[in-house]
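Beneath this line is the structure, given in structure tokens, with notes to follow.
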2 protein chains.
Amino acid sequence: MLSMKTQYAFKALMYLAQKDSEGPVLIAEIAEKKGIPLKFLENILLELKKAGILDSKKGKGGGYFFNQRPTDVRLAKVMRLIEGPIALLPCISLNFYQKCKNCDERHCGLNVVMKEVRDATLQILESKTVSDISKLSL
Amino acid sequence: MLSMKTQYAFKALMYLAQKDSEGPVLIAEIAEKKGIPLKFLENILLELKKAGILDSKKGKGGGYFFNQRPTDVRLAKVMRLIEGPIALLPCISLNFYQKCKNCDERHCGLNVVMKEVRDATLQILESKTVSDISKLSL
DNA sequence: CGTATTGCGTCTTCATTGAAAGCATAATAT
DNA sequence: ATATTATGCTTTCAATGAAGACGCAATACG
């Protein structure tokens with residue numbers, strides 16, 4: 001199951017994508033419309049900014065907006081950034097690999113099956129973008 | 001990512017499946033061979049027993065063994081039992097459904113994509129059994 | 001200017017869960 | 001009876017999730 005943080009991140013990104021042409025959006029507006037605790041949302045948006053996905057502007061008329069185009073932000077990227085590994089086991093993860101103890105990966109049936117799951121999941125999350133899911137929500 | 005508990009559960013089941021014909025297996029033996037903390041493993045095996053997957057015998061010559069046949073224990077069942085929901089969002093889960101706030105599920109793009117992920121994952125985890133993964137490990 | 005607006009940074013808190021460890025009890029084979 | 005082994009119950013300890021408080025920094029606009 002995804003953490004609240006990740007779910008909030010996706011919701012915020014969808015909201016921003018829908019308002020993409022309208023200039024900076026207030027954190028408070030996103031928080032209210034999407035039912036996200038304000039301070040928590042600040043952290044999330046900041047993380048997305050540091051990763052180069054969003055940008056922000058301070059002061060009056062400020063707020064958050066996309067730095068990259070929503071059509072370029074793949075869901076897998078957001079997942080890895082906020083949630084961490086996509087694979088179900090550390091010994092399978094492409095970006096967060098860790099060897100597992102007492103287990104020869106070349107002869108581990110669990111490894112084989114979980115790789116199948118990872119590949120199926122990745123195929124979906126790498127092919128869909130924030131723009132895709134925001135458009136599905138109209 | 002799966003919890004340690006779930007990873008241990010799978011490893012223990014694989015070990016038991018490989019020794020299926022040799023009578024009860026000691027908790028201590030599984031713990032040692034698979035590098036699992038003894039007391040933690042006790043809890044896990046007990047849970048698997050209460051779910052009807054395993055059975056145990058006390059006293060000398062006792063230990064754990066399969067109640068159901070390993071070919072009948074689907075990975076999805078173990079996952080749901082030990083880990084919880086397989087879906088990435090509560091509003092998608094078949095067995096642990098919860099409505100999500102501030103989100104109309106019929107018009108949520110995130111919902112659509114995460115359902116695809118769930119279905120792809122389920123197709124694999126429902127079709128593979130403990131017997132399958134234990135045989136892959138020889 | 002300076003003042004209101006808005007994001008940024010840091011620190012603290014609080015509850016939940018993960019991951020065990022300890023110890024006493026119950027069943028079984030011999 | 002006794003040794004062996006599983007079971008039950010309680011507690012602990014660390015990490016993480018999920019926030020809340022408060023002050024600082026940048027910007028627009030008059």
Side-chain angles (χ1 to χ4, degrees), chain A residues 1-12 16 19 22-32 34-51 53-67 81-85 88-90 96 100-101, chain B residues 1-12 16 22-32 34-67 79 81-85 88-90 96 98 100-101:
Chain A
M1 198 82 99
L2 297 183
S3 65
M4 279 300 117
K5 191 172 176 181
T6 309
Q7 296 180 42
Y8 290 156
F10 278 122
K11 287 194 177 184
L16 281 170
K19 301 235 166 187
E22 304 178 21
V25 180
L26 295 185
I27 299 179
E29 178 185 338
I30 306 172
E32 192 215 343
K34 291 299 179 179
I36 305 174
L38 185 68
K39 225 32 193 149
F40 202 9
L41 181 57
E42 279 186 23
N43 286 327
I44 295 166
L45 293 177
L46 200 52
E47 223 167 306
L48 292 168
K49 175 182 174 179
K50 284 177 181 164
I53 296 172
L54 297 179
D55 200 356
S56 69
K57 214 176 128 186
K58 292 184 180 181
K60 193 165 189 176
Y64 269 92
F65 48 92
F66 273 93
N67 184 34
L81 181 66
I82 308 291
E83 183 75 17
L88 293 177
L89 296 177
F96 301 83
C100 61
K101 297 176 308 186
Chain B
M1 196 83 97
L2 297 183
S3 66
M4 279 300 117
K5 191 172 176 182
T6 309
Q7 296 181 41
Y8 290 156
F10 277 122
K11 287 194 177 185
L16 281 171
E22 303 178 23
V25 180
L26 294 186
I27 298 180
E29 177 185 339
I30 307 173
E32 192 215 343
K34 290 299 179 180
I36 305 173
L38 185 69
K39 220 43 190 146
F40 201 9
L41 181 57
E42 279 185 23
N43 286 326
I44 295 166
L45 293 176
L46 200 52
E47 222 167 305
L48 291 168
K49 175 181 174 180
K50 283 178 182 163
I53 296 172
L54 297 179
D55 201 357
S56 70
K57 214 175 128 185
K58 292 186 180 180
K60 193 166 190 176
Y64 269 92
F65 48 92
F66 274 93
N67 184 34
M79 282 277 288
L81 182 66
I82 308 291
E83 184 75 18
L88 293 177
L89 296 177
F96 301 83
Q98 277 186 317
C100 61
K101 296 176 306 184

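A, B, ... follow the sequence lines: proteins, then strands. Residue 1 opens every chain.
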(request) Heavy atoms only: give me the nearest Phe65(B)-Pro24(B) pair and the separation to one decimal. (result) CD2-CG, 3.9 Å

(request) Indicate the atoms forming the closest heavy-atom contact of Ala31(B) with Leu38(B), along with that distance. (result) CB-CD1, 3.9 Å

(message) Would you compute the distance between atom OH of Tyr64(A) and atom CG of Leu26(A) and round it to the nearest 0.5 angstrom?
(response) 12.0 Å

Separation of atom [atom1] in [X] from atom [atom2] in [N], rounded to whole Å:
| X | N | atom1 | atom2 | result |
| --- | --- | --- | --- | --- |
| Ile44(B) | dA6(D) | CD1 | P | 15 Å |
| Leu54(B) | dT7(D) | CG | C1' | 15 Å |
| Lys60(A) | dT27(D) | NZ | C1' | 11 Å |
| Lys49(B) | dA6(D) | NZ | P | 10 Å |
| Leu2(A) | dT16(D) | CG | C1' | 16 Å |
| Met1(A) | dG17(D) | CE | P | 15 Å |

(request) Could you tell me from which nucleotide to which nucleotide of DNA chain C, 5' to 3', there is an atom under 4.0 Å from chain A heavy atoms? (result) dT5(C) to dG9(C)

So what does [X] touch, heavy atoms closer than 4.0 Å: a base, only the sugar-phosphate, or nothing?
| X | answer |
| --- | --- |
| Ile27(A) | sugar-phosphate |
| Leu38(B) | nothing |
| Leu45(B) | nothing |

(message) Looking at dA19(D), I'd like to know if its phosphate oxygens (OP1 or OP2) sit under 4.0 Å from a side-chain N or O belonging to Tyr8(A).
(response) yes

(message) Using heavy-atom distances to pick each residue's nearest nucleotide on DNA chain D, tell me which of Ala28(B) and Glu42(A) is more 5'.
(response) Ala28(B)

(request) Map Ser3(A) and Lys39(A) onto DNA chain D by nearest heavy atom, then report which one ends up closer to the 5' terminus. (result) Ser3(A)

(request) Among the candidates dC29(D), dA18(D), dT7(D), find the nucleotide nearest to the side-chain atoms of Tyr64(B). (result) dT7(D)

(message) Nearest to the side chain of Leu46(B), heavy atoms from C-beta on, is which of dG8(D), dC22(D), dA18(D)?
(response) dG8(D)

(request) Name all residues meeting the side-chain hydrogen bond (donor to acceptor under 3.5 Å, both in side chains) criterion together with Glu29(B); count only those two or more places apart in sequence or in a different chain, and write none if there are none. (result) Tyr15(B), Lys19(B)

(message) A side-chain contact here means heavy atoms from C-beta on lying under 4.5 Å apart; do Phe40(B) and Lys5(B) qualify?
(response) yes

(request) Using a 4.5 Å cut-off on heavy atoms from C-beta on, say whether the side chain of Ile30(B) contacts that of Leu45(B). (result) yes

(request) Using heavy atoms to find the nearest nucleotide of DNA chain C for Gly62(A) and Asn43(A) separately, return the residue whose nucleotide is more 5′. (result) Gly62(A)

(message) Closest-nucleotide mapping onto DNA chain C: is Lys58(B) or Thr6(B) further toward the 5' terminus? I mean the 5' end.
(response) Thr6(B)

(message) Regarding Lys50(A) and Glu47(A), does a basic nitrogen lie under 4.0 Å from an acidic carboxylate oxygen?
(response) no

